[in-house]
2 protein chains.
Amino acid sequence: MELVKIYECLCDPTRLRLLNVLAQGPVCVCHFQDVLGEPQVKISKHLAYLRERGLVESERQGNWVIYELAAKPSRELQANLACLQECAQRIPVFKCDLARLKKIEPSCAWVRAGDPGKAPGQCRCG
Amino acid sequence: MELVKIYECLCDPTRLRLLNVLAQGPVCVCHFQDVLGEPQVKISKHLAYLRERGLVESERQGNWVIYELAAKPSRELQANLACLQECAQRIPVFKCDLARLKKIEPSCAWVRAGDPGKAPGQCRCG
DNA sequence: AAATCATATTCTTATAACGGAATATGCTTC
DNA sequence: GAAGCATATTCCGTTATAAGAATATGATTT
């Protein structure tokens, strides 16, 4: 059942945080590390988990990999992501993540702009 | 995180079916067996799982045990159960379960009425 | 109190998940 | 092509989950 696959993705705190951040737009892996404050392996593995199950998509831009929410989510996925968003608004961890994301945001405007030409020679996370 | 606990409850097909049925009102275990067509152990264990995590509550009425959704669900739980309901409407398994429930319903009106005095001497499931 | 019915628990086996350490891959720059 | 950076994968130990078989509990009827 697809619904079960979705819930399996949602039953880990790290993945919830990743999805919450992704709701704001595309993000590259190194920013996740900074925003969540979790080690690289952990982030990478959970992103892979989400990608394999179709919740997110990734695209390589030079040295970096940008992740974003699935472009064509099923009705069920849409509904559940919306529900998560609603819940996350009231939960401190998620709010903190978004706050940290905003601080970093200026330094990675090129990611959001989708303009790979502007990618710097070195990641300026942090 | 409470949200994670909720999603853990939701990431099993049997539990989703149980919750979908429970959205219609209180149900006793033997009816679940009939509606889902699953063995007693399976039903019982999944109900226990949901009870331990606060999604459902149970009450003994003579030989039978009646389950119902938590009386005071958290905001998060409410939101997610509503979301599940919305999704389930479109998924065949869940619709079939509700159809079977309706067929059985007349024989267990006493459960819904909450009138233990009317409990029959023998369960008339099926 | 013995038998019966409805439900719960225990035991076992198989499978999947998480996390961390170490290592590998893929680009880019020099 | 060697070095460096960002990301992914493999390996390992631990823990959680699911399902079925068998058994136990608790209430009711005879």
Side-chain angles (χ1 to χ4, degrees), chain A residues 1 4-5 7-18 26-53 56-67 107-108 110-111 116-126, chain B residues 1 4-5 7-18 26-53 56-67 107-108 110-111 116-126:
Chain A
M1 204 176 334
V4 172
K5 286 271 161 64
Y7 288 129
E8 281 170 350
C9 288
L10 298 180
C11 67
D12 176 277
T14 305
R15 288 197 291 267
L16 288 185
R17 294 174 71 193
L18 291 173
V27 177
C28 84
V29 180
C30 53
H31 290 109
F32 279 125
Q33 290 174 230
D34 253 45
V35 169
L36 302 205
E38 297 279 3
Q40 186 260 325
V41 204
K42 197 169 174 180
I43 301 280
S44 184
K45 279 202 281 195
H46 282 299
L47 284 171
Y49 188 103
L50 292 173
R51 180 165 25 85
E52 287 160 9
R53 284 156 185 82
V56 307
E57 290 159 7
S58 67
E59 180 199 356
R60 183 149 218 149
Q61 279 189 16
N63 241 334
W64 305 276
V65 178
I66 317 293
Y67 280 83
S107 77
C108 60
W110 59 274
V111 167
K118 281 183 188 169
Q122 185 173 348
C123 190
R124 309 190 232 77
C125 287
Chain B
M1 201 175 339
V4 172
K5 287 270 162 62
Y7 288 128
E8 281 170 352
C9 288
L10 297 180
C11 67
D12 176 277
T14 305
R15 289 197 289 268
L16 288 185
R17 293 174 70 191
L18 291 172
V27 177
C28 84
V29 179
C30 53
H31 290 109
F32 279 124
Q33 290 174 230
D34 252 45
V35 169
L36 302 205
E38 297 279 1
Q40 187 259 326
V41 204
K42 198 169 173 180
I43 301 279
S44 184
K45 278 201 282 195
H46 282 298
L47 284 170
Y49 188 104
L50 292 173
R51 180 163 26 84
E52 287 159 10
R53 283 155 186 83
V56 307
E57 290 160 5
S58 67
E59 182 199 358
R60 181 149 218 148
Q61 280 189 15
N63 241 334
W64 305 276
V65 178
I66 316 295
Y67 280 83
S107 76
C108 61
W110 61 275
V111 167
K118 282 183 184 167
Q122 185 174 348
C123 189
R124 312 190 230 77
C125 286

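Here the structure is a predicted model, which means the values were calculated and not measured. Below, chains carry the letters A, B, ... as their sequence lines are ordered, and counting in each starts from 1.
Taking 4.0 angstrom as the limit, B/His31 places none of its side-chain polar atoms (N or O) nearer than this to OP1 or OP2 of C/dA6. One finds a side-chain N or O of A/Tyr67 lying less than 4.0 angstrom from the OP1 or OP2 phosphate oxygen of D/dA8. Residue B/Arg60 places no side-chain N or O under 4.0 Å from the OP1 or OP2 atom of C/dA6.
Between B/Tyr7 and A/Leu16 the shortest side-chain heavy-atom distance falls below 4.5 Å. Looking only at side-chain heavy atoms (C-beta outward), B/Gln61 and B/Glu59 come within less than 4.5 Å of each other. A heavy-atom distance below 4.5 Å is found between the side chains of B/Tyr49 and B/Arg53. The shortest distance between side-chain heavy atoms of B/His46 and B/Leu50 does not fall below 4.5 Å.
In this entry the distance linking CD of A/Glu38 with P of D/dT7 reads 16 Å, nearest Å. A/Ile43 places its CD1 atom 13 Å from the P atom of C/dC18, with the value rounded to the nearest Å. Across the protein-nucleic acid pair, A/Leu50 atom CG and C/dA17 atom C1' stand 14 Å apart, rounded to whole Å. Taking atom CD on A/Glu8 and atom C1' on C/dA17, their separation rounds to 10 Å, with Å as the unit. B/Arg51 has its CZ atom 12 Å from the P atom of C/dT7, to the nearest Å. B/Glu52 places its CD atom 11 Å from the P atom of C/dA8, with the value rounded to the nearest Å. A straight line from CG of B/Leu36 to P of C/dT7 spans 13 Å, rounded to a whole angstrom. As a whole-Å value, the separation of A/Tyr7 OH from C/dA17 P is 18 Å.
If A/Asp12 and B/Leu47 are placed on DNA chain C by their nearest nucleotide, the residue sitting closer to the 5' end is B/Leu47.
The B/Tyr49 side chain lies nearest to D/dT17 when the options are D/dA8, D/dG20, D/dT17. Of the candidate nucleotides C/dC18, C/dA8, D/dT9, D/dT9 has the atom nearest to the side chain of A/Val41. Counting only heavy atoms from C-beta on, A/Asn63 has its side chain closest to C/dC27 among D/dG20, C/dC27, C/dA21. Here the nucleotide nearest the side chain of A/Trp64, chosen from C/dG20, D/dA6, C/dG19, is D/dA6. Closest to the side chain of B/Val65, out of C/dA8, D/dA8, D/dA6, is C/dA8. Each of C/dT7, D/dT17, D/dA19 was ranked by its minimum atom distance to the side chain of B/Arg53; first place goes to D/dT17.
Listed for the A/Arg17 side chain is a donor-acceptor partner under 3.5 Å among the backbone atoms of A/Leu36.
One can find a donor-acceptor pair under 3.5 Å joining the base of C/dG19 and the side-chain atoms of A/Lys45. Applying the 3.5 Å distance criterion, the base of C/dA6 shares no donor-acceptor pair with the side chain of B/Gln40.
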